[in-house]
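Only this structure's heavy atoms are used, side chains among them; waters, hydrogens and symmetry mates stay out. From a predicted model like this one, the values you see are computed outputs, not experimental measurements. To find a chain, count down the sequence lines: A is the first, B the second, and so on, and within it residues start at 1.
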Amino acid sequence: MQERYDPNEVEQSAQRHWEATGAHRALEEGAKSKSAALEAGAKKPKYYCLSMFPYPSGKLHMGHVRNYTIGDVITRFKKMQGYNVLQPMGWDAFGLPAENAAIANGVPPAKWTWDNIAYMRKQLQALGFNIDWQRELATCDPKYYRWNQWLFLRMLEKGLVYKKTGVVNWDPIDQTVLANEQVIDGRGWRTGALVEKREIPMYYMNITRYADELLQALDTLPGWPDRVKAMQANWIGKSHGVNIGFPYDISPLSHEGRGSGVRAGGEGSGDRLKGVLRVFTTRADTLMGTTFMAVAAEHPLATHAAKNNAQLAAFIEECKRGSAMEAELATQEKKGMPTGLFVDHPLSGEKLPVWVGNYVLMTYGEGAVMGVPGHDERDFAFAKKYGLPIKQVIEWPDNAAARTHKDAFDAALQPWYCDYGVCINSGKYDGLDFEHAVDAIAADLGAKGLGEKQITWRLRDWGISRQRYWGTPVPIIHCPGCGDVPVPDEQLPVVLPEDCVPDGSGNPLNKRAEFLHVACPKCGKPARRETDTMDTFVDSSWYYLRYACNDNDKAMVDERVDYWLPVDQYIGGIEHAILHLLYSRFWTKVMRDLDLVKIEEPFTNLLTQGMVLNHILLRKSGAGRVEYFNPSEAEFQHDAQGRITGAALTRDGSALEYGGMGTMSKSKMNGVDPQALIQEFGADTARLFMMFTSPPEQSLEWSEEGVQGSFRFLKRLWRMVYEHVAAGLSKPYTTGELSVENKTLRYSTHHTIQRVTDDYGRRLQFNTAIAAVMELLNALGKVGDNAPVARAVKQEALETAVLLLFPIVPHIGHALWRELRPGSDIGNERWPQVDASALVQDEIELMIQVNGKLRGSITVPKDAARDAIEKLARENENVKRFIDSQAVKKIVVVPGRLVNIVV
RNA sequence: GCCGGGAUGGCGGAACUGGUAGACGCACGGGACUCAAAAUCCCGCGCUAGCGAUAGCGUGUCGGUUCGAUUCCGACUCCCGGCACCA
């Protein structure tokens, strides 16, 4: 055995061995691997461990390394526990960055993407993951995306895909549609032109048809983090309320009332407009407090009123230009303008002015709200600003609990409140609580045909059309005679030409005659192919199914999907908590209803890993510009307590400002290249550092010293095995008399197995598992006894440490196991078992408290009686000082833990 | 604004079900080895007082429940993430 730990040699040798033995293949039969044969043919349970596939951006970043290491640790642990494990890998290969790269470098997105995939695959292989590479897939491969098209057509047949207009960001100079991220301060990122909103026809998937099921089924996912389920529930946004109609009969004569100074005009035109303005509200109990109506800028009534009112038209344009982002809507100043139109209150008949409000969303509910400034914060702000009346119609119920709450609220001096109470100033509804008031009001509205209870969803249908090149072509042909014709199945896939080079001005497919011009599948006459492509979330909505059968060119899925699915453990970033996971759940349910899969939900357990952070160093130059620097290029300065105060650029010593910790990103220049890390310390050190520095769900702070520490630990582990082996191998301990020292080490060994098994299997907390093994090795290093029995106990401890660490650092584990057990392969070893007899302790230590404060400890036999424990505790010298002459009121004994004497 | 998450030594973090706060590691200090350095090994390390035994204080702030609270409850402060065409 070599004395020095050489990660490079160890890792290459281990990887060659795994490659040669096919150690990472996943077979459906489950009984073909060597370790399974040891089980006398017993069929293994399957375990599907999946990490979210990467976008092939060029090279791996630390977030990938972390994500895939977590998955690999779980995979290898489960494998050792006797599961038939599948861990696949693939590429989320369509998307905007490839087009941006094409614009920048003139390289076709296809070439750029495939080159990136080749490089990143090498990087992943260098990390030693237990991945079955024969199942690899890339979503930009026609063999994959043809099934996007195929399922799209099935959904079209079922009415789950439909066409309607949608709003997009339009860059008038480049004549192209922009993603939100390409719009900066309302202008195109490349051209700087003011971006317009345009309505264009798009395809939508009817996810709202599944809204209720997607919401209900969250309760069937105990293995998902609560916060992810909360985010999804919130996103789906089911709310119970009442749809209320406010009738109007608009003629020029009705333009009276409030002196707004704005006239809707149209006098003499004589058109009367009759109808009903519909709103959705969850607070129908406040209907009698309505003092105005507010509609969205896109609302038909607003459009109508603006026809002859230039000022209003201008305001509407301003609103439309504004952001549709909820965060901005919620915090921006409430602005409005009266339309000059009035509607009738459905119950009181009172005339209510209709305003256009910038805080009303056309896309939610009916695009209009009833303004109840007495009991809604936004309405209140709006009414205050424009001098609209505020009417209180809810009073706190007459009970003490509510009154306290009310008083607290009044103390904040807010003249409105929106909590639930009983109706006042509401005529016949006075005295009714929320539920009864809503029922009564809904019934009365129903009798007049002006309202009914309704359930509204925040979730909207999923618009999948993208006016881009690098994506799955939508399999539709537009025929002047036959309309939109689906591409027949036998003509699939509609292959994307791979040699296009987008230049940023429009979709290059529109310039491809051979792609564009086709014969109509129905009538055979010249027709035009759809050039929109699909949202890349389509690609990622079902890739986890395809891993099971990526070689099937006859069907989207087959019976192997029934074997492997659902995914037992899914691992990925929290940033996908809503969209990707919701769309995947939706597709699973659609495929279930098409009899393609048998599962209800795709992912049984979900782990959302935290971000990888690093120091941010910056320098502000004159004109408000900020320049960022990579921490590896600087020396840090610390204060007396060791806190970072600043840094200096290594190359010229110039001062840099410290900007704290932030997510590794290109823009902040604080990324660390995993490749450099692997080259210097090896994959095992990288993996160990990632797993040791923080638990998977929390963010991870990069630290050069931390990496050094992980490397040092592996060197130490290597040396301990080396020294043990150099002194002659031993058989691991099985039976025989043990000294106290050896018994204690053996206790540590088995206690560590217990802790680590729980950390890997139940808690998914690897940092504490590693800490536990470190403790074991610390304990081992302290044993000086070298008699044969002691060496056997040490052999057992070392073997255990290597086995327990193997899922995290497989290469060194592979090498050390060969030394400890010449001729055997750790890849065939089972997870170590706890020997219960080793965990039996003769004596235990109990802490003694007096009035809850620690005052001493006693050591007692493990089965000591309560009386004896109390007696010993009271006799402790230090304890006596605190009891003094006071009477003991009570003694609490927590078995195995402590004694608390209360005086 | 809404929703979600978080706050523990100089730092990353541990304490799983209300029971020894600070495991493990990093940084730092001291020592051994060395001509010297690196590497490695050993010891110390929450704050304050004390030579020490030990004591007081201490888990963002304020209050509550309890024999006992980092953990449970109430109010608050600050930080981070998400909020519909990036993936």
Query raised in the report: Base, sugar-phosphate, or nothing for Met202(A), non-hydrogen atoms under 4.0 angstrom?
Result: base

**Report entry** Listed nucleotide nearest any side-chain atom of Asn778(A), set C24(B), A87(B), C67(B)
**Finding:** C24(B)

Query raised in the report: Is the closest basic N to carboxylate O distance between Arg855(A) and Glu877(A) below 4.0 Å?
Result: no

Query - Close aromatic pair by centroid cut-off 6.0 Å: Phe766(A) and Phe692(A) - result: no

Requested in this report: For Phe692(A), answer base if it contacts any base atom (sugar-phosphate contacts may also be present), sugar-phosphate if it contacts only those atoms, and nothing otherwise; contact means non-hydrogen atoms under 4.0 Å.
Outcome: base

Requested in this report: Name the closest nucleotide to the Pro97(A) side chain, picking from A87(B), A27(B), C24(B).
Outcome: A87(B)

**Report entry** Any side-chain donor near an acceptor of the partner, Tyr359(A) and Asp379(A), under 3.5 Å
**Finding:** yes

Query raised in the report: Quick one: the side chain of Asn234(A) and the base of C3(B), do they pair up donor-acceptor inside 3.5 Å?
Result: no

Query raised in the report: Using a cut-off of 4.0 Å on non-hydrogen atoms, how would the nucleic acid contact of Asn900(A) be classed: base, sugar-phosphate, or nothing?
Result: base

Query raised in the report: How do Ile200(A) and Leu898(A) order along RNA chain B: which one's closest nucleotide is nearer the 5' end?
Result: Leu898(A)

Query raised in the report: Just checking Gln708(A): base, sugar-phosphate only, or nothing, at a heavy-atom cut-off of under 4.0 Å?
Result: nothing

Report task. Please evaluate the base of C16(B) for a donor-acceptor partner in the side chain of Arg762(A) within a cut-off of under 3.5 Å? Result -> yes

Query raised in the report: Where does RNA chain B pair, written as one dot-bracket string 5' to 3', with Watson-Crick or G-U pairs under 3.5 Å, ( ) inside the strand, [ ] for crossing pairs and | for another strand?
Result: (((((((..(((......[....))).(((((.......))))).((((....))))..(((((..]....))))))))))))....

Report task. Nearest-nucleotide wise, let me know which of Met774(A) and Asn851(A) is further upstream toward the 5' end of RNA chain B. Result -> Met774(A)

Report summary line: In this structure, NZ of Lys880(A) is separated from CD1 of Ile901(A) (nearest 0.5 Å) by 11.5 Å

Query raised in the report: Which is true for Trp235(A) with a 4.0 Å heavy-atom rule: it touches a base, it touches only sugar-phosphate, or it touches nothing?
Result: base

Pull out every protein N or O sitting under 3.5 Å from an N or O of nucleotides 44-55 of chain B, one pair per line with the distance.
from	atom 1	to	atom 2	distance (Å)
A55(B)	OP1	Arg855(A)	NH1	3.4
A55(B)	OP1	Asn878(A)	ND2	3.1

Query raised in the report: Val773(A) near the nucleic acid: base, sugar-phosphate alone, or nothing, with a heavy-atom cut-off under 4.0 Å?
Result: nothing

Query raised in the report: Taking C-beta and beyond as the side chain, do Leu700(A) and Phe689(A) meet within less than 4.5 Å on heavy atoms?
Result: yes

**Report entry** Ser694(A) side chain to Ser699(A) backbone, donor-acceptor under 3.5 Å
**Finding:** yes

Query raised in the report: Looking across every strand, which nucleic acid part, if any, lies under 4.0 Å from Ser703(A) by heavy atom: base, sugar-phosphate, or nothing?
Result: nothing

Requested in this report: Using the ring pair (Phe, Tyr, Trp, His ring centres under 6.0 Å) rule, pick out the option among Tyr544(A), Tyr68(A), Trp91(A), Tyr543(A) that qualifies with Phe53(A).
Outcome: Tyr543(A)

Report task. Tell me, yes or no, whether the heavy-atom count around Lys335(A) atom NZ, taken from other residues, nucleotides or ligands under 6.0 Å, exceeds 12. Result -> no

Query - Any side-chain donor near an acceptor of the partner, Ser540(A) and Asp92(A), under 3.5 Å - result: no

Query - Closest listed nucleotide, where the reference is the side chain of Asn767(A) and the choices are A14(B), C86(B), G12(B) - result: A14(B)

Query raised in the report: How far does the P atom of C45(B) sit from the matching atom of U77(B), given to the nearest Å?
Result: 40 Å

Requested in this report: Report yes or no: do Arg881(A) and Asn876(A) form a side-chain donor-acceptor pair below 3.5 Å?
Outcome: no

Query - Nearest listed nucleotide, side chain of Arg719(A), among A15(B), U20(B), C41(B) - result: C41(B)

